[in-house]
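Following: one structure in structure tokens, then a few remarks.
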2 protein chains.
Amino acid sequence: MNENINNKLNAKSIKPTAMRQLVLHVLAEQKSAVSMQELEQKFEKADKVTLYRTLKTFEEKKLIHSIDDGTGSIKYALCRESCQCRPEELHVHFYCTECKQTYCLNDIPIPSVNLPVHFTLENINMVVKGICANCI
Amino acid sequence: MNENINNKLNAKSIKPTAMRQLVLHVLAEQKSAVSMQELEQKFEKADKVTLYRTLKTFEEKKLIHSIDDGTGSIKYALCRESCQCRPEELHVHFYCTECKQTYCLNDIPIPSVNLPVHFTLENINMVVKGICANCI
DNA sequence: AAGTTGATGCAATTGAGTTGCAAAGTTGTT
DNA sequence: AACAACTTTGCAACTCAATTGCATCAACTT
Ligand SMILES: [Mn+2]
Ligand SMILES: [Mn+2]
Ligand SMILES: [Zn+2]
Ligand SMILES: [Zn+2]
């Protein structure tokens with residue numbers, strides 16, 4: 001695989017096995033977030049569990065983030081280069097009810113909320129549902 | 001059951017069966033949102049499926065709303081009196097990672113987001129995770 | 001080479017949600 | 001009251017994504 005792929009894996013201290021290179025390669029060419037099942041179908045022979053554990057590893061190492069878009073299957077997408085997945089750097093996600101795609105709105109940060117007193121924030125998930133520009 | 005319970009059911013044109021009165025009664029005394037499983041355990045003899053369908057009916061009639069807090073089980077909470085569940089009137093939800101409770105922050109409306117051009121909005125889900133005031 | 005650690009593949013399990021269908025209950029009509 | 005039409009309920013069975021257990025394989029370490 002690409003040299004670039006290995007660099008990304010190394011940068012997040014993930015051992016670059018064949019499987020991981022392959023999965024990262026496929027993830028990198030997606031325009032929308034993908035589920036494990038969708039990902040599985042993009043490979044000739046792919047074990048669901050290995051894929052599952054690969055994604056877990058990627059997520060732990062903050063190479064990808066997972067998106068619970070409310071459809072029942074978790075979607076995954078690459079994090080931006082320097083992302084630490086801290087609450088301040090999270091972005092809004094969009095689920096199109098027409099094309100059933102989940103998009104990272106990387107340029108739209110999650111607006112801050114004023115929580116009630118003594119509530120502390122660790123994480124936020126914000127998913128907007130509607131029709132995307134391609135489906136108008 | 002209470003006369004109030006029947007009023008609420010009638011107001012949303014839900015036929016007040018014994019089961020529905022009971023479920024609404026239990027829902028009304030909750031301080032946080034509950035899952036189907038939690039609800040099931042609050043009754044002596046309760047059929048999961050009947051409960052499931054009762055909640056579906058309640059949700060369709062906008063007596064309750066469901067919350068996908070990312071834990072894997074949907075939570076349910078009463079809607080406010082005049083709620084139509086329109087995007088403008090949605091509120092933020094809070095999941096406490098300590099007590100594992102999901103709270104409706106009824107007084108905190110979901111902030112508006114500026115979507116990219118030609119994206120239209122139908123619905124928003126916003127869940128904040130952290131520690132609640134009781135668990136500090 | 002043997003030992004240790006991590007990665008992979010297959011089978012099986014979990015658990016929330018959902019469907020099918022028949023029985024029981026309700027309502028309205030003759 | 002008897003009947004039909006419709007709604008609600010209960011049980012069993014099923015779906016589907018996610019997860020675990022365990023044996024095998026690969027990559028380093030001594
Ligand atoms: Mn994203
Ligand atoms: Mn709520
Ligand atoms: Zn679309
Ligand atoms: Zn708490």
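Just so you know, these numbers come straight off a predicted model, no measurement behind them. Naming convention: chains lettered A, B, ... in sequence-line order (proteins, then strands); numbering from 1 in each chain.
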Look at the side chain of [X] and decide which nucleotide, out of [options], has an atom nearest to it.
X     : options               : answer
B:K15 : C:dA7, D:dA12, D:dT7  : D:dT7
A:K45 : C:dG9, C:dT19, D:dA18 : C:dG9
B:M19 : D:dA17, D:dT9, C:dC10 : D:dT9
A:T17 : C:dG17, C:dA7, C:dC10 : C:dA7

Write down the distance between [atom1] ([X]) and [atom2] ([N]), rounded to a whole number of angstrom.
X     : N      : atom1 : atom2 : result
B:I14 : D:dT9  : CD1   : P     : 12 Å
A:I74 : D:dA18 : CD1   : P     : 6 Å
A:Q37 : D:dT15 : CD    : P     : 16 Å
A:L55 : D:dA17 : CG    : P     : 15 Å
A:K56 : D:dT19 : NZ    : P     : 5 Å
A:D47 : D:dA23 : CG    : P     : 17 Å
B:E40 : C:dG15 : CD    : C1'   : 12 Å
A:Q41 : D:dC16 : CD    : P     : 13 Å

### Base C:dG9 to side chain A:K48, donor-acceptor N/O within 3.5 Å cut-off
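No, no donor-acceptor pair under 3.5 Å.
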
### Task
Ignoring hydrogens and angles, answer whether the base of C:dG6 and the side-chain atoms of A:R53 contain a donor-acceptor pair closer than 3.5 Å.
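Answer no: no donor N or O sits under 3.5 Å from an acceptor.
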
### Message
Run B:T97 and A:E122 through side-chain hydrogen bond (donor to acceptor under 3.5 Å, both in side chains) and show every step you take.
### Response
CA-CA 9 Å; B:T97 53; A:E122 287 172 4; 3.3 Å; yes

### Task
State plainly whether one hydrophobic cluster holds both A:L121 and B:V127, where clusters connect Ile, Leu, Val, Met, Phe, Trp and Tyr through side-chain heavy atoms under 4.5 angstrom apart.
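They do not share one cluster, since no chain of ILVMFWY contacts under 4.5 Å joins A:L121 to B:V127.
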
### Task
Say whether B:L78 and B:I108 are linked into one hydrophobic cluster, either directly or through other cluster members, by side-chain heavy-atom distances under 4.5 angstrom.
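No; tracing contacts between hydrophobic side chains, which count when under 4.5 Å, never links both residues.
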
### Query
So B:H91 and B:H65, would you call those rings parallel, tilted or perpendicular, with 30° and 60° as cut-offs?
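Perpendicular.
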
### Task
Would you mind classifying the nucleic acid contact of B:T50 as base, sugar-phosphate or nothing, using non-hydrogen atoms under 4.0 angstrom?
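Contact class for B:T50: base.
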
